[in-house]
Structures are given as C-alpha cells and as structure tokens.
Novice: 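Handing you this structure, nothing more for now.
If you read the sequence from its start, that first residue is 1, and numbering goes on from there. Note that this is a predicted model, so its numbers are computed, not measured.
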Amino acid sequence: MAMSVLDDTDHRAFLARDAHRALDFFDASIRPEGGFHVLDLDGTPLPGTVQELHTTTRLVHSYALAQMAGRPDRAGIVDQGMDWLWRAHRDTDHGGYLWAVDGTAPVEGPKLAYGHVFVLLAASSAKMIGHPDADRLLADITQVLDRHYWDHDAGLFRDEFTRDWQAFSTYRGMNANMHGVEALLAAFEATGAPVHLDRAGRILDFFIAGQAAAHGWRIPEHYDDRWRPDHAYAGNPMFRPAGTTPGHSFEMARLLLHWWDLAGRPDTGAVAQARALVDTALADAWADRGGLAYTLRDGRVDNPARYWWPVTEAIGALAALIKLDPRPGDGEWYRRLWAFADGHLIDHARGGWFPELGDDDRPAATQFRGKPDIYHALQADLLPLARGVSHQPRDLARTCPLRDAAGLG
C-alpha cells in the first residue's frame, strides 16, 4: 500500500515548523492591560483598543489546541483570554457576551450567535487542557446559548439580538450554525454530554443532507425566520457575503466527518456527502493561477478575492477524507493546496500566514489589516498531524507531538 501524504516525514516536519513559527509570532498578541493586540504583518501591534469576541475566543482555542499537541503556552494566551472573556466580554448587566469592547467598556452593537458559539469553543478547549476557569465559562455560555439562541423546534441557532435580548431581525444564517457545530463537537469531547453531539447532528443534517443536497452541493448562506433560503440577501461582505461561500463547504465537510466519527460512524451517507461538498467547491472555486475564490453566485465566481482561510479549510477537509476514505486524487489536491500556501500565503520571514493576495499574487490589504488570525492556519497544520479527526487531548498528545517535531518546542 502506498504511503499516505499525511505520513510523509518531511511533510509532518514542515507542518510542525509552520505551527511553531505561527505560535511564536502570535505570542506578541498579549496586551499588558488585558486582552490582545491585533498584529501587523511584521508582528507589531496595530493601533486601537477595540477587541472583538472572535479574536479573544479563537486565540484561546488555538493555544489550547497547541498545548494539547505539546507546545507550552509560553506567553500565557489562554490565561489572558479566559480572564478577558469573563472580565470584559461578559455582559454583567444583561448576560451573554459582548461582540466588542474598547478597553473594558462595551461597544454597543447586537449580540451575535457567531460570537457566542466561539465562547463555547474556547471554554470547551480550555476544559480539555484542564484550565481552572473553564467550568464556569462553559456553564455560563451553555445556559446563554440554550436560553436565547437555540431554536429547539428547528434544531438550529438563531442569529442575533439586541444587547438586552430583544428580537430585532428575522435573519438566520449558516455561518453561525457552522461554527456552532464546531463548538458543540468540542463541548461533546470536553464533557461527554450527548446533547452537544445530538445538536451538532441536527444542524449538519439541515444544511448538508437538506440544503446542500437540494442546491447542487453548494450551501445557501442566508435564511429567513422560517429557515427558507434567502438567495437575494447581501449583508456584511466579510461575515455575510452574497451568494455561497466555497470555503464554508470545506469547513462543513470536515465538521460532518468529525461528527460522524464521534457518533460511531453511523450509516448516514456522511462520507459521500462530505466528498460531494469538497469536490464541488474545488471545481467551482479553484483559480487557474491558484487559490480559491471567496464567493459564488449560481455556481459561478462572484467575488474572486483569494483569502488564506478557504485554503486552510480545504486542507483540513482533504486531510479528513484521506484519513477516513482515501480516493485517487485526494493526495494530489492536498499537495497542490500546500504548494500554493507555501509559495504565496505563508510568511517565511516572520511566521504566520498573509490573509489575502492581490492580482499580482503578492500580499494585499484590501479586506484585512495585518495578520488577524492564527486559528485557521494553525488548524491546517495540526489537523493533518493528528491521526484522527477529533481534538481530543489524548489523540493530539499521542499523534501530534509538537514538543518533539523537527527538534522544536
């Protein structure tokens, strides 16, 4: 039997080096007065003191994953993030978590399911490394999600409320639910509570077996309050872009395989569904010069911008397929994606990944300032290194030992 690309010693060393260099770069995120800086391309803090919830939570999750895999949290990112979630983002007046804070002062705006499910992800990952504040955060966010966001009848998360929990929109979306699945799977791994796995399965069934299967294996992003697709909707161009988003198809495929594995690999057609999502997104979005288009309309490229995160998610989805159901061509696509990332997206001089490319294939700053995120790229490194498709500490510690890889750690 031919060796899997995921078993290649040189490639595994490359992944470990990239993970270490990204973590070294983002160690500089610590802000002395609490919370985190957003970093410029060279690692210097960008001006401004407003911090958004997904920044805090993704840093906690990422550094917890790295700790599971053997890389100590030298900068204290998890401790600082857990403190900031409880002390600054948590809304002591109305409950729930503020999307943005300026220092410790609230920045007025809606309370988003998108941000709240990331709190569940951070709390669950922190619990898996035994953080002392994880249980209180996990208990609080579980109660908030259940009380305000979870639509028990639909089996899906509602999207947004005012700060004091008044309904103000009929919008429903796939993105918050997709990250809800990610968080619920982590919560199941952290606690063993079946409700998390059951809810993740309900969300996946609606969007994949239901919506994707009915729309050519492309997932409608936007819905009304009766959970009917709203194909005309166009909102925030980053978080709620018009059309469909191939990068989300890769994410949903990986999460479907993660759920299927944790659920005992039931006979649900999950692997075939995941493959249909991945194959369709690659065919739709891969650019002749490399990279993946951001959005589609009716299966055709609408926004051709090439961001880093769809590439990382395609890597993660293909890695999961290679582990669970390898087919001819998977390894070739996996190598092609990494070759593009290595040649255009990874910052070999300083660590981390450039978030977007211009028409000249060089780093651009149209949508993003600096390097806004370690989360996507770090998972692209760690998930292929792990033998399984889960985040369970015993698997990451056993099969993804960053402390030993390539003499680093």
Side-chain angles (χ1 to χ4, degrees), residues 50 52-55 57-58 96-100 107-121 145 148-151 154 156-163 166-183 203-204 206-208 210-212 215 218-253 255 277 281 284-285 292-310 312-313 355-356 366-369 372-373 375-376:
V50 173
E52 294 178 333
L53 186 57
H54 70 304
T55 300
T57 50
R58 286 176 170 187
Y97 293 78
L98 301 163
W99 173 253
V107 175
E108 288 303 322
K111 285 197 167 110
L112 303 172
Y114 181 88
H116 282 73
V117 296
F118 275 113
V119 177
L120 179 62
L121 180 66
L145 287 169
H148 296 291
Y149 292 103
W150 183 250
D151 182 337
L156 298 160
F157 286 113
R158 305 178 186 94
D159 263 77
E160 55 192 1
F161 295 89
T162 64
R163 184 180 171 190
Q166 302 303 306
F168 73 95
S169 102
T170 59
Y171 176 82
R172 305 288 186 266
M174 192 275 286
N175 197 7
N177 278 280
M178 178 187 71
H179 286 293
V181 170
E182 178 184 29
I203 296 170
L204 290 164
F206 175 83
F207 285 107
I208 299 177
Q211 295 298 325
H215 292 88
R218 304 176 187 102
I219 310 172
E221 290 277 335
H222 312 296
Y223 299 79
D224 65 17
D225 58 352
R226 293 175 63 184
W227 295 102
R228 298 173 301 190
D230 184 353
H231 298 292
Y233 181 91
N236 180 292
M238 182 48 49
F239 290 105
R240 296 181 183 177
T244 61
T245 309
H248 287 163
S249 290
F250 298 124
E251 278 189 90
M252 286 291 264
L255 293 168
L277 288 171
D284 285 342
L292 292 157
Y294 183 44
T295 65
L296 310 173
R297 290 274 192 124
D298 301 318
R300 295 184 294 272
V301 172
D302 184 51
N303 182 349
R306 294 174 298 158
Y307 303 139
W308 86 111
W309 71 262
T312 69
E313 292 302 331
E356 61 181 307
T366 303
Q367 183 63 52
F368 299 95
R369 293 183 65 202
D373 196 284
Y375 154 86
H376 285 289

Novice: Heavy-atom distance under 4.5 Å between the side chains of Met174 and Gln211, does that happen here?
Specialist: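 No - every pair of side-chain heavy atoms lies 4.5 Å or more apart.
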Novice: Which pair of heavy atoms, one from Gly247 and one from Glu313, lies closest together, and at what distance?
Specialist: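 Residues Gly247 and Glu313, closest heavy atoms: O-CB, 4.0 Å.
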Novice: Can you give me the closest heavy-atom contact between Pro229 and His215, atom names plus distance?
Specialist: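 Smallest heavy-atom distance, with atoms named: CG-CE1, 4.2 Å.
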Novice: Give the ring-plane orientation class for Tyr294 versus Trp309, where under 30° counts as parallel, over 60° as perpendicular and anything between as tilted.
Specialist: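 Perpendicular.
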Novice: Strictly distance-based, threshold 3.5 Å: is any side-chain N or O of Thr295 a donor or acceptor partner for the main-chain N or O of Asp302?
Specialist: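 No; zero donor-acceptor contacts below 3.5 Å.
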Novice: Side-chain contact test, heavy atoms from C-beta onward, threshold under 4.5 Å: evaluate it for Tyr307 versus Met238 and give yes or no.
Specialist: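 Heavy-atom side-chain distance check passes, below 4.5 Å.
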Novice: Look up atom CZ in Arg297 and atom CG in Asn303, then write down how far apart they are to the nearest 0.5 Å.
Specialist: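 Those atoms lie 10.5 Å apart.
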Novice: Look only at the side chain of Glu356 and the backbone of Phe368, and say whether a donor-acceptor pair between them is shorter than 3.5 Å.
Specialist: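 Yes; judged by distance alone, with no hydrogens or angles, the pair exists.
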Novice: Between Phe157 and Trp150, what is the ring plane arrangement, given parallel below 30°, perpendicular above 60°, and tilted in between?
Specialist: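 The rings of Phe157 and Trp150 stand perpendicular, inter-plane angle above 60°.
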Novice: Look up atom CG in Leu255 and atom CG in Asn177, then write down how far apart they are to the nearest 0.5 Å.
Specialist: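 Taking CG in Leu255 and CG in Asn177, the distance rounds to 12.0 Å.
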Novice: Which of parallel (below 30°), tilted (30 to 60°) and perpendicular (above 60°) describes Phe239 and Trp99?
Specialist: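 Geometry flag for Trp99 against Phe239: perpendicular rings.
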Novice: Can you give me the closest heavy-atom contact between Asp159 and Gly173, atom names plus distance?
Specialist: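 That would be OD1-N, 2.7 Å.
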Novice: Please round to the nearest 0.5 Å and tell me the distance separating atom CG of Asp224 and atom CZ of Arg172.
Specialist: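 Rounded to the nearest 0.5 Å, the CG-CZ separation comes out at 8.5 Å.
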Novice: If you look at every heavy atom in Ser169 and Glu160, which pair is closest and at what distance?
Specialist: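 The pair with the smallest heavy-atom distance is OG-OE2, 2.6 Å.
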Novice: To the nearest 0.5 Å, tell me how far His148 NE2 sits from Phe161 CZ.
Specialist: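 Answer for the NE2-CZ pair, His148 versus Phe161, is 7.5 Å.
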Novice: Is there side-chain contact between Leu277 and Ile219, with heavy atoms separated by less than 4.5 Å?
Specialist: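 The answer is yes, as the side chains (C-beta and beyond) meet within the 4.5 Å cut-off.
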Novice: Can you find a pair of side-chain heavy atoms, one from Leu121 and one from Thr57, that are under 4.5 Å apart?
Specialist: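 Result no, sub-4.5 Å side-chain heavy-atom pair not found.
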Novice: Kindly compute the distance separating CZ (Phe250) from OG1 (Thr245), expressed to the nearest 0.5 Å.
Specialist: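 The OG1 atom of Thr245 is 11.5 Å from CZ of Phe250, to the nearest 0.5 Å.
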Novice: Heavy atoms, side chains only, cut-off 4.5 Å: are Arg58 and Asp373 in contact?
Specialist: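 They are in contact (side-chain heavy atoms under 4.5 Å apart), so the answer is yes.
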Novice: Please report the interatomic distance CZ(Arg306) to CG(Leu292), rounded to the nearest 0.5 Å.
Specialist: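 Here the interatomic distance stands at 10.0 Å.
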Novice: Do Thr170 and Arg226 touch side chain to side chain, with heavy atoms closer than 4.5 Å?
Specialist: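 A side-chain contact under 4.5 Å is absent here.
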Novice: Kindly determine whether Leu296 and Arg218 satisfy side chain to side chain contact (heavy atoms under 4.5 Å, CB included), including the steps that lead there.
Specialist: CA-CA 9 Å; Leu296 310 173; Arg218 304 176 187 102; 4.3 Å; yes
Novice: What are the two closest non-hydrogen atoms of Asp284 and Gly299, and how far apart are they?
Specialist: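 Shortest heavy-atom contact: OD1-O, 3.7 Å.
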Novice: What pairs with His179 under ring-ring contact (aromatic ring centres under 6.0 Å, His included), at least two apart in sequence or on another chain?
Specialist: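 Only Tyr114, Phe118 meet the ring-ring contact (aromatic ring centres under 6.0 Å, His included) criterion with His179.
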Novice: Verify side chain to side chain contact (heavy atoms under 4.5 Å, CB included) between Val117 and Glu182, making sure each step is shown before the conclusion.
Specialist: CA-CA 8 Å; Val117 296; Glu182 178 184 29; over 6 Å; no
Novice: Do His231 and Pro220 come within less than 4.5 Å of each other through their side chains, counting heavy atoms only?
Specialist: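 Yes. Closest side-chain heavy atoms under 4.5 Å.
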Novice: Apply the test side chain to side chain contact (heavy atoms under 4.5 Å, CB included) to residues Asp225 and Arg158: give CA-CA distance (whole Å), side-chain angles for both, the deciding distance (0.1 Å), then the verdict.
Specialist: CA-CA 8 Å; Asp225 58 352; Arg158 305 178 186 94; over 6 Å; no
Novice: If you apply the rule side chain to side chain contact (heavy atoms under 4.5 Å, CB included), what do you find for Arg240 with Asn175, and how did you get there?
Specialist: CA-CA 8 Å; Arg240 296 181 183 177; Asn175 197 7; over 6 Å; no
Novice: Contact between Met178 and Phe207 at the side-chain level, heavy atoms closer than 4.5 Å - yes or no?
Specialist: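 No, side chains not in contact.
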Novice: Using the ring of each side chain (for Trp, its six-membered ring), is Tyr171 parallel, tilted or perpendicular to Tyr233, with breaks at 30° and 60°?
Specialist: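 Tyr171 vs Tyr233 ring planes: tilted.
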Novice: Leu156 and Ile203: which non-hydrogen atoms are nearest, and at how many Å?
Specialist: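 Shortest heavy-atom separation between Leu156 and Ile203 comes out as CD2-CA, 4.0 Å.
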